[in-house]
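The structure appears below as structure tokens.
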Amino acid sequence: MSLSDRRTVLACMGASAIGLSGCLRPMLARDGTAKALRHRIALPPIDDRFDYFLSKALADRLGAPENPDYRLNVKTTMATQGLAIAQDNSITRVTLLVNAKWSLWRAGVGAPVMTDSVDVQSGYSATTSLYATRQVRLDIERRLAREIGERISRKILAQSGQLGA
């Protein structure tokens, strides 16, 4: 490749990067619609430990509701699956599968303005220590709830312009 060809390629790459820079801006910019949506979504009620972790993750991303115009409903189901079984029939590897079906409702509107479903999973090794196994499972639940909260809030904030926030 000659020097002039390289310069042409670099010039084209620079021009396309400059053209795209106007399209890319932070989701929570000061003048963005996503920023206006923070603190306006009532979070789902807490029924168990996993719901607590999920509610905390959502509050970190969406902000604690101050004057909610929207209500978020989340229904989670959790399943445990044993993957590795030792010769004495004890399960040594466990996978935790979580499905979260969620919907966002606007006050005074009879149908949800947004619905979706999130599936996450993670595995852990069961040890002979019951305490250690419980602590690992607790950590996995915390991480999966944080992942679900991130995915839900990212989708809501990304589509905030369509909500008229």
Side-chain angles (χ1 to χ4, degrees), residues 12-81 83 93-126 131-165:
C12 289
M13 288 174 50
S16 62
I18 290 171
L20 287 177
S21 66
C23 299
L24 303 174
R25 67 176 200 194
M27 192 181 307
L28 295 174
R30 289 183 187 192
D31 60 342
T33 55
K35 182 82 170 183
L37 196 58
R38 283 185 54 83
H39 304 289
R40 292 180 48 205
I41 300 174
L43 301 177
I46 298 171
D47 293 329
D48 58 16
R49 179 177 62 207
F50 189 82
D51 289 345
Y52 170 76
F53 295 145
L54 179 58
S55 183
K56 186 171 176 354
L58 288 167
D60 288 345
R61 269 308 255 157
L62 298 173
E66 293 170 357
N67 189 13
D69 298 324
Y70 296 90
R71 183 183 78 245
L72 181 64
N73 291 338
V74 181
K75 172 71 174 145
T76 58
T77 55
M78 189 179 306
T80 306
Q81 191 176 47
L83 293 178
R93 185 76 184 158
V94 178
T95 298
L96 191 60
L97 309 156
V98 181
N99 172 270
K101 294 180 179 169
W102 62 272
S103 57
L104 184 66
W105 297 76
R106 186 176 195 137
V109 177
V113 293
M114 192 182 305
T115 62
D116 203 358
S117 178
V118 177
D119 292 308
V120 293
Q121 68 178 11
S122 186
Y124 62 95
S125 294
Y131 176 77
T133 302
R134 285 185 181 168
Q135 289 303 308
V136 169
R137 181 178 172 117
L138 184 68
D139 184 52
I140 294 292
E141 286 182 16
R142 202 176 277 124
R143 280 192 269 149
L144 291 177
R146 188 171 42 241
E147 176 68 23
I148 290 171
E150 282 289 321
R151 289 187 188 185
I152 290 172
S153 60
R154 194 178 312 132
K155 178 120 184 198
I156 290 171
L157 294 175
Q159 295 185 4
S160 62
Q162 298 170 356
L163 296 176

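Only this structure's heavy atoms are used, side chains among them; waters, hydrogens and symmetry mates stay out.
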Assess the residue pair T133 and V136 against the criterion (side-chain contact (heavy atoms from CB on, under 4.5 Å)); give the C-alpha distance rounded to whole Å, side-chain angles, the decisive distance to 0.1 Å, and a yes or no. CA-CA 5 Å; T133 302; V136 169; 5.8 Å; no

Taking it one step at a time, do I156 and W102 satisfy side-chain contact (heavy atoms from CB on, under 4.5 Å)? CA-CA 11 Å; I156 290 171; W102 62 272; 3.8 Å; yes

Go through V98 and V118 one step at a time and tell me if the side-chain contact (heavy atoms from CB on, under 4.5 Å) criterion holds. CA-CA 8 Å; V98 181; V118 177; over 6 Å; no

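Under the 4.5 Å side-chain criterion, counting only non-hydrogen atoms from C-beta, N99 is in contact with S117.
When all heavy atoms of P68 and I41 are compared, the pair lying nearest together is CB-C, 4.2 Å. Contact between S55 and P44 at its shortest, heavy atoms only, is OG-O, 4.3 Å. When every heavy atom of R61 is checked against every heavy atom of L157, the shortest pair comes out as O-CD1, 4.3 Å. The minimum heavy-atom distance between V94 and A126, with the atom names listed, is CG2-CB, 4.5 Å. In this structure, T115 and S103 approach most closely via the heavy-atom pair CG2-CB, 3.5 Å. Between Y124 and R93, the shortest heavy-atom distance links the atoms C-NH1, 3.2 Å.
Expressed to the nearest 0.5 Å, how far CD of Q121 lies from CG of L144 amounts to 9.0 Å. Distance check, rounded to the nearest 0.5 Å: CE of M78 to CG of L97 gives 10.0 Å. In this structure, CG in D116 is found 10.0 Å from CZ in R151, a value given to the nearest 0.5 Å. Taking OG of S153 as the start and CG of L62 as the end, the distance is 5.0 Å to the nearest 0.5 Å. To the nearest 0.5 Å, atoms CD1 (I152) and CG (L58) are separated by 5.5 Å. The line from CD1 of I148 to CG of D119 is 8.5 Å long, rounded to the nearest 0.5 Å.
A salt bridge does not link R146 to E150: none of the charged nitrogens lies less than 4.0 Å from a carboxylate oxygen. With respect to the salt-bridge test (charged N to carboxylate O, under 4.0 angstrom), the residues E147 and R143 do not qualify.
Between the side chain of H39 and the backbone N or O of A64 there is at least one donor-acceptor pair closer than 3.5 Å.
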